[in-house]
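Worksheet for the structure shown next.
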There are 2 protein chains.
Amino acid sequence: MPENRDQVIERLRGHGITPTQQRVEIAQVLFERHQHLSADQVLARVNARDASVSKATVYNTLGLFAEKGLVREVIVDPARVFYDSNLDPHHHLFHVDNGTLEDIPVSQVNVDRLPDLPAGVAVEGVDVIIRVRRSGAAQ
Amino acid sequence: MPENRDQVIERLRGHGITPTQQRVEIAQVLFERHQHLSADQVLARVNARDASVSKATVYNTLGLFAEKGLVREVIVDPARVFYDSNLDPHHHLFHVDNGTLEDIPVSQVNVDRLPDLPAGVAVEGVDVIIRVRRSGAAQ
DNA sequence: TTGGGTGCAAACTATTTGCATTCGA
DNA sequence: TCGAATGCAAATAGTTTGCACCCAA
C-alpha cells in the first residue's frame, strides 16, 4: 500500500485524474496506508511533509478523488467527512467517544439484502456502521 | 402514531423530559407520523402550525430528545442531521439525488454481526444505510 | 420562588465559491 | 499557448453558545 510518487501518479492517471503537484502530494498522504482522514487532517499532514497546499485545494481534491472512486467518503460524524483510502469492500466501526474510525472486514459482518428497492433507482453503496462507546468497565 | 397533546406530554415525561410548551410543540410535529426531519424542517413545521419556537430551542430540543432516546439521529448526509421518529429497529435507504430518507424494515435486511469488537467498548447502535440514486432509465 | 428552559444574536466550524494567477500538456 | 488547476479570501450553512428573561413545579 505505501506508494511512491510514480505509483501514485499512475494511480491518478488510471482514474482519469490529471496528476498535478498538489494532487500527488495529497494522494501520497492518503495512500501511505489504509486510513481514515478528515479534510483538515489531510491538510495538516500534507503541509507537515513539505509542499504547501491550500485548504480549498484539499477540499476540492478530496471531492474529486471521491467522485472518481480513488477514495471512499465515510459519513458517520455530523461534524466532518472522512476519506477512506481502503478501497476493498468493508464496514466501519465508529468510536463515538473520540470520533475515530476502524475498518471491519466484510467477513465479520454478513448483510443479506432482500431486493425490493423502489423502482428506478440503482444502489450506489451499502454502508454498515457499528457505533461503539467505551463501556464503563475496561479502558 | 399520531399523538395528541396529552399523549405527547406523557411520552416526554416517560423519558424524563420536562414537558414545556415548545418541547411539546416540537414533539407533536415529530410524532404526527413516522418521518425523517432535519432541524430546519422541524423549525419550519413548528412555526407553520402556530406557536413560535426559536432556532436555538429546536436544535437544543432535538439534541435532548435524541439523547433521551425519544428520537433517533440519522447521519447520512454531511449537510444535515435527520431525526427519525420511528423508534422500531429498522434500516435506511437514502436517495442521494434529493437527500430523502426511507425506512427499511429489519425483515428486509439481514445483518449477522460476528462478535469480535475491541475490548472495553459497548455497541451503541448499528446503522445500515443503502445509498441509491435515480438510475438512467425510469423516473 | 427559583432553577431549568427559552430567545436572540453573535460565534464557530466545516465546506464551498469567485476570481485572478499559475501550471501541465 | 490555453484551458484546467490553484490559492486566497470571502461567502455559506448548519449548529452551538452566552446571557438576560421567563415559566413549570
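In what follows, every chain begins at residue 1, and chains take the letters A, B, ... in the order their sequences are listed.
Where B:Pro78 and B:Thr57 each meet DNA chain C at their nearest nucleotide, the meeting point lying more 5' is that of B:Thr57. Mapped onto DNA chain D by nearest heavy atom, A:Ala56 and B:Thr20 fall at different nucleotides, with A:Ala56 at the one closer to the 5' end. Summary of the strand contacts: A:Lys55 and B:Arg13 both lie near DNA chain D, and taking for each the nucleotide with the nearest heavy atom, the more 5' one is attributed to A:Lys55.
Nearest nucleotide to the side chain of A:Thr18, out of C:dG24, C:dC8, D:dT15: C:dG24. Considering only the side chain of A:Val53, D:dG7 comes nearest among D:dT6, D:dA24, D:dG7. When distances run from any side-chain atom of A:Arg23 to the nucleotides D:dT15, C:dG5, D:dT6, the shortest one goes to D:dT6.
Rounding to whole angstrom units, OH of residue A:Tyr83 and C1' of C:dT15 are separated by 9 Å. Remark: C1' of D:dA13 and CZ of B:Arg80 are 9 Å apart, rounded to the nearest angstrom. When rounded to the nearest whole Å, the span between OH of B:Tyr59 and C1' of C:dA11 equals 15 Å. Atom CD in A:Glu67 sits about 11 Å away from atom P in D:dA5, given to the nearest Å. Between the CD1 atom of B:Ile75 and the C1' atom of D:dG14 there is a distance of 12 Å, rounded to whole Å. As rounded to whole Å, 15 Å separates atom P of C:dA14 from atom CG of A:Leu37. As a whole-Å value, the separation of A:Leu62 CG from C:dT16 P is 10 Å. D:dA13 atom P lies 16 Å from atom CD of B:Gln41, rounded to whole Å.
Taking side-chain N and O atoms only, B:Gln22 has a distance below 4.0 Å to OP1 or OP2 of C:dG7.
Side-chain heavy atoms closer than 4.5 Å link hydrophobic residues (I, L, V, M, F, W, Y) into clusters, and following such links, even through other members, never connects A:Tyr83 to A:Val76.
Here CZ of B:Arg23 is found 10.5 Å from CG of B:Leu70. Values are rounded to the nearest 0.5 Å. Summarising the geometry, atom NE2 belonging to B:His92 is positioned 8.0 Å from atom CD1 belonging to B:Ile129; distances are rounded to the nearest 0.5 Å.
B:Asn60 comes within 4.0 angstrom of a nucleotide base, judged by non-hydrogen atoms across all strands.
Between B:Val96 and B:Val132 the shortest side-chain heavy-atom distance does not fall below 4.5 Å.
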